[in-house]
Amino acid sequence: MEKSNPFTDRVLEIIRAIPRGKVLSYGQVALLAGAPRGARQVGRILYARGRSVPWQRVINRYGGLSTYKVGTGPEQRALLEKEGVVFTKDGIVDLKKYQWRPGAHMIEKLQLPEDVVFEINRKLPFQK
DNA sequence: ATCTTGACTTGCC
DNA sequence: CGGCAAGCCAAGA
């Protein structure tokens, strides 16, 4: 099982904060957890401890499901659809529409370094 | 201490 | 956002 370190705990905490019907990419979760280049680690953590959080709300940066590689793709899609997420004909999620944008309160609570906060504002822009 | 792997991302066509 | 090379970084062998 995945060792419980500070980074792992933050990752799980952040994923638990994603609202129903919203999604975040691996990279965005890593960023919010304070590791701008930790996307792969997020995937690895979910592979080991995914069942303890709403893992279906974490997808890749194109809106696609990376879980097809490990066999849980169909399940993830079903879970997301059950909470209202609609997939396009190409089988991807429209990030413009479903990407979660954490509130300022959440960002502040995470006590992130200034440069990371800057990156968050750049990569999680408000979108129409 | 290497070397390989991989639920990833970015840069460049 | 299609394809591909290069980064990235922790875990496992």
Side-chain angles (χ1 to χ4, degrees):
Chain A
M1 182 179 270
E2 188 79 12
K3 244 189 296 186
S4 180
N5 60 53
F7 176 64
T8 300
D9 293 340
R10 303 196 86 188
V11 165
L12 297 177
E13 174 190 2
I14 288 158
I15 294 174
R16 268 189 280 259
I18 306 174
R20 271 179 65 87
K22 289 293 177 183
V23 299
L24 229 44
S25 74
Y26 296 91
Q28 291 165 341
V29 170
L31 191 55
L32 289 169
R37 285 165 293 289
R40 306 195 86 136
Q41 282 62 272
V42 172
R44 189 169 39 69
I45 289 166
L46 285 180
Y47 181 74
R49 314 187 45 172
R51 300 292 154 165
S52 63
V53 292
W55 60 279
Q56 72 273 23
R57 297 177 193 151
V58 184
I59 64 184
N60 66 41
R61 67 177 257 90
Y62 297 114
L65 307 186
S66 298
T67 49
Y68 282 108
K69 289 194 271 191
V70 290
T72 49
E75 184 187 357
Q76 181 171 22
R77 175 164 177 157
L79 285 170
L80 284 174
E81 290 181 323
K82 190 162 21 173
E83 48 189 73
V85 175
V86 177
F87 285 70
T88 68
K89 301 160 183 94
D90 313 303
I92 65 169
V93 173
D94 182 0
L95 290 175
K96 296 266 191 285
K97 191 172 178 183
Y98 299 105
Q99 181 177 91
W100 178 48
R101 181 136 189 1
H105 180 278
M106 175 102 202
I107 304 290
E108 195 173 329
K109 194 176 73 170
L110 292 173
Q111 301 267 15
L112 298 165
E114 191 179 333
D115 55 329
V116 172
V117 174
F118 180 80
E119 277 301 296
I120 290 174
N121 286 322
R122 185 172 75 79
K123 302 180 100 175
L124 292 176
F126 282 111
Q127 313 234 25
K128 181 75 210 359

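Note that the coordinates shown come from a computational prediction; the quantities given were computed from them, not determined experimentally. Residue numbering restarts at 1 for every chain, and letters A, B, ... go by the order of the sequence lines. These numbers come from the heavy atoms of this one structure, side chains and all, not from hydrogens, waters or symmetry mates.
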Whole-Å distance, A:Leu31 CG to C:dC8 C1', equals 15 Å
For A:Leu46 and A:Val53, the nearest pair of non-hydrogen atoms, with its separation, is CD2-CG2, 3.9 Å
Taking atom OH as the centre, does A:Tyr68 end up with more than 12 heavy-atom neighbours from other residues, nucleotides or ligands that are less than 6.0 angstrom away? yes
(Q) Taking the basic N atoms (NZ, or NE/NH1/NH2) and the acidic carboxylate oxygens, is any pair closer than 4.0 Å for A:Glu119 and A:Arg122? (A) yes
Once base and sugar-phosphate atoms are separated, protein heavy atoms under 4.0 Å mark nucleotides 7-13 of chain B, 5' to 3', with B, S and - as BBSB---
In this structure, CE of A:Met106 is separated from CD1 of A:Ile120 (nearest 0.5 Å) by 9.5 Å
Is a side-chain donor or acceptor of A:Glu75 paired with a backbone partner of A:Thr72 at a separation under 3.5 angstrom? no
